[in-house]
**Student:** 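Once you've had a glance at the structure underneath, I'll fire off some questions.
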Amino acid sequence: MDKTYDPHAIEQRWYQTWEERGYFTPKTAGDESYCIMIPPPNVTGSLHMGHGFNNTIMDTLIRYHRMKGDKTLWQPGTDHAGIATQMVVERQLEAEDKKRHDLGRDAFIERIWEWKAESGGNITRQLRRLGSSLDWEHERFTMDDGLSDAVKEVFIRLYEEGLIYRGKRLVNWDPKLHTAVSDLEVLSEEEYGHMWHMRYPLTNGQGHLIVATTRPETMLGDCAVAVNPNDERYKHMIGELLELPLTGRRIPIIADEEHVDPEFGTGCVKITPAHDFNDYAVWQRHRDEINISEQIHGGLINIFTVDAAIRDNDENEDELIPTKYIGMDRYDARKQIVTDLEAAGLLEKIEDHKLMVPRGDRSGAVIEPFLTDQWYVKIAPLAKPAIEAVESGKIRFVPDNWKNTYYEWMRNIQDWCISRQIWWGHRIPAWYDDEGNVYVGRSETEVRQRHNLDDSYPLRQDEDVLDTWFSSALWPFSTLGWPENTERLKDFYPTSVLVTAFDIIFFWVARMIMMGIKFMGEVPFHEVYIHGLIRDGHGDKMSKSKGNVLDPIDLIDGITLEDLLEKRTSGMMQPQLAKKIEKQTRKEFPDGIPSFGTDALRFTFAALAATGRDIKFDLGRIEGYRNFCNKLWNATRYVMMNVEGEDCGVGTPKTGYSQPTAELERSLADRWILSRLQKTKKAFTEAIEGYRFDHAAQAIYEFTWNEYCDWYLELSKPVLNSEQASEAAKRGTRRTLVRVLESLLRLTHPIMPFITEEIWQRVAPIAGVTGETIMHQPFPTARQSLIDEDAETEMAWVMQFILGIRQIKGGMNIAPGKPVPVLLANTSETDKELAQKHRHFLDFLARTESIEVLAPDDHGPESATALVGEMKVLIPLAGLIDKDAEIKRLEKEIARLQGEVDRIEKKLSNPNFVDKAPEAVVQKERDKLADSKKALESLQAQLDKIRQL
RNA sequence: AGGCGCGUAGCUCAGUUGGUUAGAGCGCUACCUUGACAUGGUAGAGGUCGUUGGUUCGACUCCAAUCGCGCCUACCA
């Protein structure tokens, strides 16, 4: 074995072997099944840190359950990501100076499929690099045939039940992408703008009203001005007419208590029902009033094109829209209208004003409320059982508080606009005839058959596609074969847990719950584990524009500074930021990023996965865990060096491996490490079952480093290298050495699959374990019979003895390796026995030259002192010890003990404490006081003695 | 405006139903190239747990208020 662990030499080789041998395929036998659905990444996307984290957690759970013997499936697949993917390809076309309409629908879609073929393997390749044990044989894609059938099936069933309908309403319109988007795809951010105060003259010549607006250009579509009916200033004017400036139209003053807040602005609100959600609601309440209903289009006046420019007038509209503004972009129109109002003396004032601006999450364009025909899912009937599923505990959120977020949204949920005016996605299975009738069906043929329409009858399919999340919502059952009633569906639905970050609770989790209950009659998963977001070292969100993105693959493989710079500054939306990013990157990674390997990355994710907390990704941590890999690697080297070709007391397949072949002797160290191992197994299992990956990682780290390596390996040396030690003792030590390591590897495998497999292959045969792969070995379970409290107590004595001597040496500047003579005073029978029995451990680890027990009344010569319980461990000062240093050391320790004694005495002298605290707690304090006092007296006497010298 | 979360060592974070001297890693100091490992070993320094009150025999932990930070949801034209 190499001296240093090199992940590259092994990771990809092992992954390939696992995949080729079908180790990821769920086994067919077994009762318990365990299943996780991967949140399907964008098919043409690439892996980011969030994926890395998310998939590490899932793979850890999956590998754990697979080893536990469950019938385990991790379902892989990718998402077609409608708008996102279409935009990528449109950008490619742009580079060729083309638009999608130049190609036409079919050619454009063909082009996207080509792009998918080209880049679609990227993300699944990257998932493999992470070690994800996904069942690739059954990989699915949201637009493959099976899933498309599921989508149609769901659409048709919902339509036939009246839960999908088509309607003309205001939607969130993205004027850049020319599509409707759902409420969730609109992100509002505070921006600085203005509030324009405009005068609308009364037609009776009695003055004017002042309306305040942030969007003056929409005045062209006004149908009224609303005031609060209780507002004394305007009460008497309700019903009067105003002249809408620049248009010559007349609009009424109406009363609307619900919408108009007299305290805000001027208390007069212009009502533009086709371009504002609130105004639309006002219009719905007032549309029957004659002053509105008699207006053109009943007052519902759209003034925009799909680009959010001022539209032209239709026939019969006369000059509804003043010709002057036609064709102007909304912001140009705003400028012009403000100018014209000012010229007409109708502009009262302009104020600075902060407002929330809605933008499309993909395009960044300012979203326009726009009147269009769209398809909707009637959501309330679906939401109700989905809420109940969480209330009743059928679905549990971890951490629990996310259920509040879920309820909050589900209880206020609006109908879901599912149609998108793009080309890439599931085409809506609806056909229209020339009369405007709608036929919904699986195909045109089916529709014709069902409605007795012969082939000459003209039908055209709806141009729109479905929201990407419509197909994602079906993912937990569509991937398993639904609507067919497959074995996989029976085996794995409902799934066990969904693992995701909170940002898609609404987009995805809630919708899967609704659709799962609706179509499977059962929740899609029983638990939802919500993890935090990965941020950069400063706590900032990672983003291309900030230039602080880390690529998990770069952490695995390493990257040079030059390549990192290139990556961070190329293809930027805002190239002017490149300089700053370069500077910042050079500062943070002057030598690029070293290669840490997948296991170290995974261990880092696990170790940082405290519940419900975002992660500031700290390079120091991953470096530490790379070192941990190296530690494990080198521990193995040591073990191999000592067990290979030696008798480890392990049987053969014939004799049975676990049975010792010959007489064995287990040392204290053997019993101790076995006991500690059982407790570590317990701790790990509890942690994983409770989604505390940080605790699980910590348990392994501490056991491996602080117990197995720091103590046990060291303790094995005096046994294995001693000529006095019996063969039985050596055999016992070798057996323990190798078998503890073998267990530890299985325990660690779910988090660090590669290094554990590599090492296990070498260690397992020697440990007497057979199997092709660690992946399919049983997960270690704690054996109660090996928990040995006596050994732990005895070992604590040994450790304290050794630490005491090391502390003296450290404090006195004595080289750790220098052998020192040791005297023991105030010894009990047990002390004497232990000192005798474990002499070889003490000599080796504390480098003691001699150990002599003093007679009961002999206090020995002037010495440096350490306490082991009541026993004094003495190192004579003669020739070795710096008197002043020892005085200082003792004084410090005495001060600490004195503080402790004072504190406890005070506590115990408080009658309230003694009366009211539980007896056990009081007794504990009393014991502690007694111990501290004894130690204090002992050290004090020692100090006095040394001072007298 | 409402909701959620966070504030513990220089940094990144643990701290289970209130009860040992509040822990770990990184960083720092000193010593050590000892036959697994310098991606290492040994010893050590470093915290009045954001602040203020309260409950309690006892508070990092529970309650209230307050300051600071972050996020989510809904928004007044």
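Just so it is clear: chains get the letters A, B, ... in the order the sequence lines come, proteins before strands, and each one is counted from 1.
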**Student:** Using salt bridge (charged side-chain N to carboxylate O under 4.0 Å, His left out) as the criterion, list what pairs up with Glu408(A), not counting sequence neighbours.
**Tutor:**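 Partners of Glu408(A) by the salt bridge (charged side-chain N to carboxylate O under 4.0 Å, His left out) criterion come out as none, since no residue qualifies.
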**Student:** Provide the distance between the two C1' atoms, one in G19(B) and one in C13(B), to the nearest whole Å.
**Tutor:**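 Looking at atom C1' only, G19(B) and C13(B) are 25 Å apart.
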**Student:** Any chance you could list the contact pattern along nucleotides 38-46 of chain B? Use B for base contacts, S for sugar-phosphate-only contacts and - for none, protein heavy atoms under 4.0 Å, 5' to 3'.
**Tutor:** SBSSSSSS-
**Student:** Going by atom type alone, with no hydrogens or angles, which donor-acceptor pairs under 3.5 Å involve a side-chain atom of residues 214-226 of chain A and a protein atom two or more places apart or on another chain?
**Tutor:**
| unit_1 | atom_1 | unit_2 | atom_2 | d |
| --- | --- | --- | --- | --- |
| Arg215(A) | NE | Glu217(A) | OE2 | 3.1 |
| Arg215(A) | NH1 | Glu368(A) | OE2 | 2.5 |
| Arg215(A) | NH2 | Glu217(A) | OE2 | 2.9 |
| Arg215(A) | NH2 | Glu368(A) | OE1 | 3.3 |
| Arg215(A) | NH2 | Glu368(A) | OE2 | 3.1 |
| Glu217(A) | OE1 | Arg334(A) | NE | 2.9 |
| Glu217(A) | OE2 | Arg334(A) | NH2 | 3.2 |
| Thr218(A) | OG1 | Arg215(A) | O | 2.8 |
| Thr218(A) | OG1 | Lys270(A) | NZ | 2.6 |
| Asp222(A) | OD1 | Lys270(A) | NZ | 3.1 |
| Asp222(A) | OD1 | Thr272(A) | OG1 | 2.7 |
| Asp222(A) | OD2 | Tyr200(A) | OH | 2.7 |

**Student:** Just how far, in rounded Å, is P of C26(B) from CZ of Phe596(A)?
**Tutor:**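 Checked: the CZ to P distance equals 13 Å.
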**Student:** Quickly work out the Asp276(A) CG to C75(B) P distance and round it to whole Å.
**Tutor:**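 Atom CG in Asp276(A) sits about 11 Å away from atom P in C75(B).
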**Student:** Nearest whole Å is fine: how far is A14(B) P from Asp614(A) CG?
**Tutor:**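 Distance, rounded to whole Å: 11 Å.
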**Student:** Distance between the C1' atoms of G7(B) and A14(B), in whole angstroms?
**Tutor:** 15 Å
**Student:** For Tyr625(A), answer base if it contacts any base atom (sugar-phosphate contacts may also be present), sugar-phosphate if it contacts only those atoms, and nothing otherwise; contact means non-hydrogen atoms under 4.0 Å.
**Tutor:**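 Contact class for Tyr625(A): none.
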**Student:** Using the P atom on both, measure A22(B) against G27(B) and round to a whole Å.
**Tutor:**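 Nearest-Å result for A22(B) against G27(B) at atom P: 25 Å.
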**Student:** Suppose you measure atom C1' in G41(B) against the same atom in C4(B); what distance do you get, rounded to whole Å?
**Tutor:**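 Taking atom C1' in both G41(B) and C4(B), they lie 46 Å apart.
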**Student:** Applying a 4.0 Å non-hydrogen cut-off, can you work out what Met356(A) is touching in the nucleic acid: base, sugar-phosphate, or nothing?
**Tutor:** base
**Student:** Which part of the nucleic acid, if any, lies within reach of Leu713(A) when heavy atoms closer than 4.0 Å are counted: base, sugar-phosphate only, or nothing?
**Tutor:** base
**Student:** Under the salt bridge (charged side-chain N to carboxylate O under 4.0 Å, His left out) rule, collect the residues that match up with Lys546(A), sequence neighbours excluded.
**Tutor:**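 Counting only residues at least two positions away or on another chain, Lys546(A) forms no salt bridge (charged side-chain N to carboxylate O under 4.0 Å, His left out).
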**Student:** With a 4.0 Å cut-off on heavy atoms, is His695(A) in touch with a base, just the backbone sugar-phosphate, or nothing at all?
**Tutor:** sugar-phosphate
**Student:** Runs of at least three consecutive Watson-Crick or G-U pairs, both distances under 3.5 Å, are what I'm after; which ones involve RNA chain B?
**Tutor:** B:1-7 with B:67-73, B:10-13 with B:23-26, B:28-32 with B:40-44, B:50-54 with B:62-66
**Student:** Let me know the distance between CG of Leu187(A) and C1' of U73(B), rounded to the nearest Å.
**Tutor:**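 Going from CG in Leu187(A) over to C1' in U73(B) covers 12 Å.
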**Student:** Starting at atom OH of Tyr407(A), determine the distance to atom P of G2(B), rounded to an integer number of angstrom.
**Tutor:** 23 Å
**Student:** Can you tell me, in whole Å, how much space there is between the C1' of C69(B) and that of G54(B)?
**Tutor:**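 One C1' to the other, the span is 26 Å.
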**Student:** Sticking with atom P, work out how far C6(B) lies from C63(B), rounded to a whole angstrom.
**Tutor:** 12 Å
**Student:** Glu702(A): what forms a side-chain hydrogen bond (donor to acceptor under 3.5 Å, both in side chains) with it, not counting sequence neighbours?
**Tutor:** Gln698(A)
**Student:** Heavy atoms under 4.0 Å is the rule here; annotate nucleotides 6-12 of chain B 5' to 3' with B where the base is hit, S where only the sugar-phosphate is, and - elsewhere.
**Tutor:** SS----B
**Student:** Rounded to the nearest angstrom, tell me the gap between atom CD1 in Ile254(A) and atom C1' in A77(B).
**Tutor:**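 These atoms are roughly 13 Å apart.
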**Student:** Between protein and nucleic acid, restricted to nucleotides 56-61 of chain B and to nitrogen or oxygen atoms under 3.5 Å apart, what atom pairs and distances do you find?
**Tutor:**
| unit_1 | atom_1 | unit_2 | atom_2 | d |
| --- | --- | --- | --- | --- |
| C57(B) | OP1 | Lys916(A) | NZ | 2.4 |
| C57(B) | O4' | Asn912(A) | O | 3.4 |
| C57(B) | O2' | Asn910(A) | ND2 | 3.0 |

**Student:** Who passes salt bridge (charged side-chain N to carboxylate O under 4.0 Å, His left out) against Asp557(A), sequence neighbours left out?
**Tutor:** Arg129(A)
**Student:** Less than 4.0 angstrom from a charged side-chain N to a carboxylate O is my criterion; do Lys933(A) and Glu905(A) meet it?
**Tutor:**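 Between Glu905(A) and Lys933(A) there is a salt bridge, with a charged N closer than 4.0 Å to a carboxylate O.
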**Student:** Looking at side-chain heavy atoms only, is the closest gap between Phe693(A) and Ile751(A) below 4.5 Å?
**Tutor:** no
**Student:** What residue pairs, at least two apart or across chains, pass side chain to side chain donor-acceptor pair (under 3.5 Å) with a residue in residues 615-624 of chain A?
**Tutor:**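 Output for this query lists Arg621(A)-Tyr625(A).
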**Student:** Identify whether any heavy atom of Arg215(A) sits under 4.0 Å from a base atom; if not, whether one sits that close to sugar-phosphate; answer base, sugar-phosphate or nothing.
**Tutor:**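 No contact.
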**Student:** May I ask you to check whether Phe617(A) and Phe53(A) place their ring centers less than 6.0 Å from one another?
**Tutor:** no
**Student:** Can you sort out the partners of Glu644(A) under salt bridge (charged side-chain N to carboxylate O under 4.0 Å, His left out), two or more places apart, ordered by chain and number?
**Tutor:**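 By the salt bridge (charged side-chain N to carboxylate O under 4.0 Å, His left out) rule, Glu644(A) matches no residue at all.
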**Student:** If you count heavy atoms of other groups shown closer than 6.0 angstrom to CD of Gln923(A), is the number above 12?
**Tutor:** yes
**Student:** Measure CG/Leu533(A) against P/G5(B) and give the value in whole Å, please.
**Tutor:**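 Computing the Leu533(A):CG to G5(B):P distance gives 17 Å.
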**Student:** Provide the distance between the two C1' atoms, one in C60(B) and one in G47(B), to the nearest whole Å.
**Tutor:** 11 Å
**Student:** Both Glu263(A) and Asn706(A) contact RNA chain B. Which one's nearest nucleotide lies toward the 5' end?
**Tutor:** Asn706(A)
**Student:** Over 60° means perpendicular and under 30° means parallel, so tell me whether Tyr529(A) and Tyr691(A) are parallel, tilted or perpendicular.
**Tutor:** parallel
**Student:** If the condition is side-chain contact (heavy atoms from CB on, under 4.5 Å), which residues does Ala683(A) pass it with, not counting sequence neighbours?
**Tutor:**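 With neighbours one apart ignored, the set is Ala699(A).
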**Student:** Take Tyr638(A) and Cys268(A), find for each the nucleotide of RNA chain B with the closest heavy atom, and name the residue whose nucleotide sits nearer the 5' end.
**Tutor:**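 Its nearest nucleotide being more 5', the pick is Tyr638(A).
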**Student:** Determine, for Glu707(A) against Lys679(A), whether the closest basic-nitrogen to carboxylate-oxygen distance falls under 4.0 angstrom.
**Tutor:**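 No, Glu707(A) and Lys679(A) are not salt-bridged.
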**Student:** Would you mind checking if Glu893(A) and Arg896(A) are paired as a salt bridge, meaning a charged N to carboxylate O distance below 4.0 Å?
**Tutor:**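 Counted as a salt bridge, because a side-chain N and a carboxylate O are separated by less than 4.0 Å.
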**Student:** With sugar-phosphate meaning primed atoms plus P, OP1 and OP2, does Ala635(A) contact a base, only sugar-phosphate, or nothing at under 4.0 Å between heavy atoms?
**Tutor:**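 Base contact - Ala635(A) has a heavy atom under 4.0 Å of at least one base atom.
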**Student:** Taking atom P in both U73(B) and U16(B), what distance in whole Å separates the two?
**Tutor:**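 These two P atoms come out 31 Å apart once rounded.
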**Student:** Take the protein atom CG of Leu720(A) and the nucleotide atom P of G35(B), then report the distance between them rounded to whole Å.
**Tutor:**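 After rounding, the gap between these two atoms is 17 Å.
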**Student:** Is Lys717(A) near enough to A36(B) that one of its side-chain N or O atoms lies under 4.0 angstrom from OP1 or OP2?
**Tutor:**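 Checking Lys717(A) against A36(B): at least one side-chain N or O falls below 4.0 Å of OP1 or OP2.
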**Student:** Would a line drawn from the ring center of Trp633(A) to the ring center of Tyr5(A) be shorter than 6.0 Å?
**Tutor:** yes
**Student:** Describe the nucleic acid contact of Glu714(A) in one word from base, sugar-phosphate, nothing, applying a heavy-atom distance below 4.0 Å.
**Tutor:**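 Answer is base: heavy atoms of Glu714(A) come under 4.0 Å of a base.
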**Student:** Which part of the nucleic acid, if any, lies within contact of Asn401(A), taking any heavy atom under 4.0 Å across all strands shown: a base, the sugar-phosphate backbone alone, or nothing?
**Tutor:** sugar-phosphate
